[in-house]
Structure formats: C-alpha cells, structure tokens
Protein chains: 2
Amino acid sequence: MPANRQLPSESPVAPLACCTLDISPAEQQRLTAMFKALGNATRFAIVKYLVTHPGCITGDIVEILPITQATVSQHLKVLRAAGWIQGTIQGPATSYCLHTANIAWFRAKVDKIF
Amino acid sequence: MPANRQLPSESPVAPLACCTLDISPAEQQRLTAMFKALGNATRFAIVKYLVTHPGCITGDIVEILPITQATVSQHLKVLRAAGWIQGTIQGPATSYCLHTANIAWFRAKVDKIF
DNA sequence: TCCCTATATCGTAATAATACGATAATAGGT
DNA sequence: ACCTATTATCGTATTATTACGATATAGGGA
C-alpha cells in the first residue's frame, strides 16, 4: 500500500530523470504560471486586446468584454502576477500594456525548450 | 439591473473592438487549450521529460513522477488533446513523443502575436 | 471637505480541475 | 484459453478557479 502522495496542484514537481533540460525550478514555475495565465479565454482576450490597444485603461477592457468590472480586475491581477502585462497608475485609472521584457523571456525559453 | 451574464469559463470570448488581431476563434481556442495544458506543473514536467526522452512509454513517466499511474494517464490525455504530444501504441504499451508540427504551429502563432 | 470617477478587494456560489483507488481494456506470450 | 504487463477509464473526494454583487480605496475636481 503506497503512502498517500497527492500533492497540491501547484507544488513543484521534480522528476528523477538522469538527464533533464536546463531549467531551474524557479524558471519552470514562472513559465507554467505564464502558460496558465493565458490558458483562459477571457485573459487571452485581454492580452490580445492589449496588443492592438496598448496603454488602454481597465474601463476600456471592461467595455469590450461581457463580464463585470470586478471579474476583469481579477483577471488583470492574474495577468500582472504572471508577468504578461504591466499597469501604471494614471490618476484614478490604471493604464495597461504588455510587459515586453517578460514576454521576450517567455518566447526565448519556449524557443530553447522546443 | 444587468442580466446574469456569467459564462462557462471556456466559452469563446468575442471582444467588440474596432481592430483586432488576425486570429480566428478556432485558432484562439486551440492556442488557449495549449497554454492551459502546459499551465500545470505535472504536465510541464511530462513534456519536459519527453524533450530529453522521446519515445518513452507511460510507465517511464509514471516512474519519475510522484503521482499514480491513473493520474499520469489523465495528464497524458490532456496533453494529447491539446496537441503537445503524440502517442503510438506499441504492443501493450504506448510510446509518447512531442507533436512537433503542433508545437511549431504554437510557436509561430505566439511569434506572430507578440 | 464633499462628490464623482475608476479600480481594487471581499465574501460567496457554482463550476472545473486534480488526485486517488478500483476496475476495465488491450496486447503478447505460454 | 489463461496469465501477465501495460495503459485507460470510472467514480469520487478535495481543492482551485471563475464569476458575481457589494463594498472599499484612491485620485481629481468643485
């Protein structure tokens, strides 16, 4: 009878293979967080919108999506935490744009792995 | 009082913006499915292992991960459905490797968007 | 100071994802 | 036909995510 080995879904998983890729646990976690953040239709739509509308504010995004302001705000928080976007406070509003440095890092990592 | 507009999380989200990126709803769904699939530490570990161990069988993956065979099988199914990997039956076992064509498509799309 | 606008956060209900053990299915050998 | 090895699927408990309405926070006038 094996011990109960269920793990919380986001705990790091360390394979015991003899040869593995050159990715640190921290990088791996950062990568999966970025993948996970865009693995949602609403968040993908937000990022897609930001590509063509850099510098827009939260309200602009709320207008184009069929969800409430509270939910959009929550999604923006997730995208910011994952590193996809960057928000700068402008008066009472917050202006958002893509976090180009992090995105470049993401692409470089993906290119390196695959 | 606004109508209840909560949507199931994976339904396509169509922004009303004047100008959007050249991505069809189907492509968008395929992309988010691929992002979502790798947005999990266990599945990322599986794909990472397959990079260095192409052609390995399910049992090999089960051995290097601290989870049961049933769970690994489930994750492999998700990765296959998303298009990251490809399985070929070899006797009673199934040999897995990366789905290079789909991965190339993914990278091309990401490169195009960002 | 008192509003108005814009965002963020809280609490919560409903849904989805993840993991398990148990069991079914499939291929190959005896 | 039977047994073994390998993988897939089923049913289910637990946890995580997503969405909402309500409320709090912060900036900029009047």
Side-chain angles (χ1 to χ4, degrees), chain A residues 1-13 29 32-33 35-46 50 55-82 85-97, chain B residues 1-13 29 32-33 35-46 50 55-82 85-97:
Chain A
M1 185 195 308
N4 183 352
R5 47 185 178 167
Q6 179 161 3
L7 297 172
S9 62
E10 295 318 322
S11 62
V13 173
Q29 193 162 354
T32 54
F35 272 108
K36 187 175 187 175
L38 273 204
N40 171 278
T42 300
R43 284 193 293 267
F44 189 90
I46 292 173
L50 282 176
C56 73
I57 65 173
T58 309
D60 298 331
I61 300 169
V62 172
E63 274 185 14
I64 60 146
L65 293 176
I67 54 178
T68 63
Q69 177 268 322
T71 304
V72 170
S73 184
Q74 207 169 262
H75 281 307
L76 287 170
K77 191 178 180 180
V78 172
L79 286 171
R80 234 182 315 156
I85 67 174
Q86 202 167 22
T88 60
I89 296 175
Q90 288 209 329
T94 306
S95 166
Y96 283 101
C97 55
Chain B
M1 186 194 307
N4 183 353
R5 48 184 178 170
Q6 179 161 3
L7 296 172
S9 61
E10 297 318 323
S11 62
V13 172
Q29 193 162 355
T32 54
F35 271 108
K36 187 176 187 175
L38 273 203
N40 170 279
T42 299
R43 285 193 293 267
F44 189 90
I46 292 174
L50 282 176
C56 73
I57 65 175
T58 309
D60 299 330
I61 300 169
V62 173
E63 274 185 13
I64 60 146
L65 293 176
I67 54 179
T68 62
Q69 177 268 321
T71 305
V72 170
S73 184
Q74 206 169 262
H75 281 306
L76 287 170
K77 191 179 181 180
V78 172
L79 286 171
R80 234 182 316 157
I85 67 174
Q86 200 167 22
T88 60
I89 295 174
Q90 288 209 328
T94 307
S95 166
Y96 283 101
C97 55

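Protein chains get the first letters and strands the later ones, always in sequence-line order, with residue 1 at the start of each.
For A:T58, the side-chain hydrogen bond (donor to acceptor under 3.5 Å, both in side chains) test picks out no residue, with sequence neighbours left out.
Base engagement by A:S73 is indicated by at least one non-hydrogen atom pair under 4.0 Å involving a base atom. Contacts of A:T71 with the nucleic acid, taken as non-hydrogen atoms under 4.0 Å apart, include base atoms. Looking at heavy-atom distances under 4.0 Å, B:A93 makes contact with sugar-phosphate atoms alone, never a base.
Among the nucleotides C:dT7, C:dT9, D:dA16, the one closest to the side chain of A:T94 is C:dT7. Listed nucleotides C:dA17, D:dA8, C:dG21 differ in distance to B:Q69; the shortest reach to its side chain belongs to D:dA8. Set against D:dT18, C:dT18, C:dA8, the side chain of A:T58 has C:dA8 as its closest nucleotide. Nearest to the side-chain atoms of B:K77 among the listed nucleotides D:dT7, D:dT9, D:dT18 stands D:dT9. Listed nucleotides: D:dA19, D:dT9, C:dT9. Nearest to the side chain of A:A70: C:dT9.
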Under 3.5 Å between N/O atoms: give me all the protein pairs with nucleotides 24-30 of chain D, atom names plus distance.
none

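By the 4.5 Å heavy-atom criterion applied to side chains, B:H75 and B:L65 are not counted as neighbours.
Nearer the 5' end of DNA chain D, as judged by each residue's closest nucleotide, is the contact made by B:R80, out of B:R80 and A:V72.
At least one side-chain nitrogen or oxygen of A:R43 sits closer than 4.0 Å to the OP1 or OP2 atom of D:dT18.
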